[in-house]
Amino acid sequence: MEDFGAAQDPQEMNIEIDEETAEGTYANLVMVSHTPEEFVIDFIRMVPGVPKAKVKHRVLVTPSHAKRILAALEENVERYENAHGEIDPPDRPDRPMNFGGGVGEA
């Protein structure tokens with residue numbers, strides 16, 4: 001297990017991550033929904049030419065935490081664009097990604 005440093009003061013947090021989690025999971029689509037009490041964030045992997053996609057991870061957070069995630073993403077996208085250039089927005093951000101091509105075959 002990796003250890004991202006011991007807590008130095010009350011504002012710092014010691015966070016651990018196991019090897020499997022540290023490898024991450026690829027997702028190329030995110031769907032967000034909400035209730036009055038929580039936001040549901042589904043991370044999905046779509047494969048070109050395959051009509052069925054699979055939710056790889058579902059994360060539930062409070063509304064206030066969802067707002068903190070939004071702020072963190074905005075800050076990190078800004079940092080990324082400052083370092084690497086502007087990210088081109090998708091043609092139709094209101095719809096899932098369309099990979100095109102034919103139907104998948106085995």
Is it true that V55 and V30 fall in one hydrophobic cluster, defined by side-chain heavy atoms closer than 4.5 Å?
-> no
Value for NE2 (H57) from CZ (R45), rounded to nearest 0.5 Å, stands at 8.5 Å
Check A53 against I44 and note the closest heavy-atom contact, atom names and distance.
-> CB-CG2, 3.6 Å
Same apolar cluster (I L V M F W Y, side chains within < 4.5 Å links), L70/V32 = no
Give, for atom CG of L60 and atom NE2 of H65, the distance between the pair rounded to the nearest 0.5 Å.
-> 11.5 Å
Of all heavy-atom pairs between P36 and P63, which one has the smallest distance, and what is that distance?
-> O-CG, 4.1 Å
OG1-CD distance between T62 and E37, expressed to the nearest 0.5 angstrom | 11.5 Å
Connected via hydrophobic side-chain network under 4.5 Å: V59 and I69 = yes
Nearest heavy atoms of T21 and D18, plus distance in Å | N-OD1, 2.8 Å
Taking D42 for its side chain and M31 for its backbone only, find out whether a donor-acceptor pair lies under 3.5 Å.
-> no
Indicate, with yes or no, if L73 and V61 share a hydrophobic cluster defined by side-chain heavy-atom contacts under 4.5 Å among Ile, Leu, Val, Met, Phe, Trp and Tyr.
-> yes
Report yes or no: does R58 contribute a side-chain atom to a donor-acceptor pair with the main-chain N or O of V40 at less than 3.5 Å?
-> no
Where Y26 and K56 come nearest, the two heavy atoms and their spacing | O-CG, 4.2 Å
Is the shortest heavy-atom distance from the side chain of I87 to the side chain of Y80 under 4.5 Å?
-> yes
